[in-house]
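Structure record follows, encoded as structure tokens.
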Amino acid sequence: MFLEFKNGVKSLLRGAVEAAGYEAEDLCLGMSAYADIASSVAFKLSSRYGEQPQIIATKIFKKIQIPKGSYVNKADVVGPYINFYVNRGFLEDTIKKISTEGENYGSLPKKDERIILEHTSVNPTGPLHVGRGRNPIIGDTLARILRRAGYEVDTQFYVNDMGRQIATIVWGYDKIDPNTLPKPARELGKPDHDVVRYYRRANELISEDPKVDIEVNGILAKYESGDPETIQIFKKVVENCMLGQRQTLERIDIYYDRFVWESQFVRDGSVGKILEKLKKTRYASLREGALTLDLREFGLEKDFVLTRSDGITLYTTRDIAYHLWKFDHADVVINVLGEDQKLAMSQLQTALKILGIEKEPKIVFYSFVSLPEGRMSTRDGIVVDLDDLLDEAFDRAYIEVQKRRPDLPENQKRKIAGIVGMGAVRFDTVKVAPEKMITFRWEEALDFEKQGAPFIQYAHARACSILSKASLEDFDPSLLKEPCEVELIKKMAFFPGIVASAAHDLKPNIVAIYARELAEKFNQFYLHIPVLKAEDDLRKARLALVECARIVLANVLNLLGIIAPESM
RNA sequence: GGGCCCGUGGCUUAGUCCGGAUAUAGCACCGGCCUUCUAAGUCGGUGGUCGGGGGUUCAAAUCCCCCCGGGUCCGCCA
């Protein structure tokens, strides 16, 4: 809706600029606290035409003609600025559009592009910790945004099933007596918590005893040589661990369209073919038996090492094969990755270029979540498990529900606590820009105040509460004139534009911020404007407005992968 | 040492790509609002050299250069 208004302003302003005898390619339109949209074009023209900006603004203003059927109510001049305001038609059409489109409000027209979005792709060495949790939450939110923006999205989890780390775990299962290990952090059916015990202990033993290292290498060599029994064991270990990781991800409503196993690209020979091709390029050379690419020509100082001296391929090399496969199956490739992958990714992108792939993967990098005492590490056990965070979030949410709604039946209280706890964790992760570093602190992660999901969920529950006490009828949107009502409608009108820019910039935090602002506008309306106690037609119109707010709040929460509760 | 990212009130953060009108919110602190649709709410107040220094511009948190602090990576880990 807002886009239509903006386009209307654009065309009439362009007309006015020309009628006033100026030429401007950029109309300098922007958001403003003083108007619904404002132009500072007079500044730009001032230097070119040597006139005072105020005078230019006034001249342009005098030529403004608002066409019939436009969403522009009026324009005015404040100093050098030209301001524009929406009219009643804009507000009323917004309400009508939301009412008609319902849960589809905010969905953009279908696009032809097919997207493969890879996210999470954590190593199958143990449970997800809150640092790694940032990846799936950003990734899943982006998938939801892109789907709303009209793209066909295939979400993929790339399984690192053939590394040394797996060999380490396999060694551990074979050689370590489980009775000597600490109890798993989870007793019941969480295999990832079981696996990580072996992983940690095995790593300790490796650093203590070089013989262990040699044995692990032996296992890895057996695997690489294609020994069917070893391959089976690897597969079992990986599947087992991933089962536990998926259980955790299900708790925050994250699922994948496809799991892509790294080893498949080795087995089907595609990694070998890539090596052959790259070997023939002028960038390739052998250094102490290892195949490397010299990428200085592309501005990369460091050689890209493709194989170890024993000929075994490395992670990034195999990732080239995966990317070729992705570009074969999609128009756009997006990866969500930790910032430590930046160099590897630019090497990979360059290798793709050398292999003749024109397109580049778009990459969303995020910074790490560290603990006050330092960086998280699965191997060293310096972590806060995502499972624990989710449990704690549930517990704290339950306490809040108990305090506010002691009357509710137990299963209802637990249900709300689950919805609120999970929402709080997702929102907290996605509300800040991915490139910002986060220091994890329990009090901040589990803050249920205004910056968080419960604030938005609460607004939704309030809307539902009103709607449950009345039924919707035909209404006259022209009755909605209170400033609070107008503000709310304007905010709702932004939603499709928010989807568009979040999808374009791949920035989930835009949606989170919008959600908070929308909830705030609704809460202000809720407090100041009576709905059920309003009379006749006004009541009907306000009920319709509440229904619209409920729809947009539900849609935006859905975009964030957060459940919109009807009661809390 | 080099590359990339971050640095905005006591803490957390928006805005930076595409320069414009009093820099956005939350937490904390101070003071109002529940006989009125769920107060997980709402209204007001205190608090900012936008890391520092130069430069470009009519105009810089935003663009350019230098420096400082933190993160991250830098050939056989993933």
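As a basis for the values below, the full set of heavy atoms in this structure was taken, side chains included, without hydrogen atoms, waters or symmetry mates. Computed from a predicted structure; not experimentally measured. Chain letters run A, B, ... following the sequence lines, proteins first and then strands; every chain starts at 1.
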* For the pair made of NZ in A/K44 and C1' in B/C58, what is the distance, rounded to whole Å? -> 11 Å
* Structure fact -> Ranking B/A21, B/A25, B/C76 by distance to the side chain of A/A290, first place goes to B/C76
* Which residues within residues 157-164 of chain A lie with some heavy atom under 4.0 Å of an atom in RNA chain B? -> A/N160, A/G163
* Output field: ring centroids A/Y283/A/F304 closer than 6.0 Å -> no
* Closest nucleotide among B/G75, B/C73, B/C76 to the A/R287 side chain -> B/G75
* Structure fact -> Per atom distances to the A/L343 side chain, the nearest of B/U13, B/C74, B/U36 is B/C74
* Can you find a donor-acceptor pair, distance only, under 3.5 Å between A/N83 side chain and B/A21 base? -> yes
* Could you give the distance separating B/G44 and B/U38 at their P atoms, to the nearest angstrom? => 24 Å
* Asked: Hey, can you pull the residues of residues 452-462 of chain A with a non-hydrogen atom under 4.0 angstrom from RNA chain B?
  -> A/P454, A/F455, A/Y458, A/A461, A/R462
* Taking the six-membered ring for Trp and the single ring otherwise, decide whether the centroids of A/Y22 and A/Y49 are under 6.0 Å apart. => yes
* Using a cut-off of strictly less than 4.0 Å, decide whether A/T292 has a side-chain nitrogen or oxygen near OP1 or OP2 of B/G75. => no
* Structure fact -> The correct set of residues in residues 305-316 of chain A placing a heavy atom under 4.0 Å from RNA chain B is A/V305, A/T307, A/R308, A/S309, A/L314, A/Y315, A/T316
* **Short side-chain donor-acceptor distance under 3.5 Å, A/N523 and A/Y458** => no
* Asked: What is the glycosidic conformation of B/C64: syn, defined as within 90° of 0, or anti?
  -> anti
* Base of B/G75 relative to its sugar, syn (within 90° of 0) or anti? -> syn
* **Polar pair under 3.5 Å, donor/acceptor by atom type, side chain A/E339, base B/C4** => no
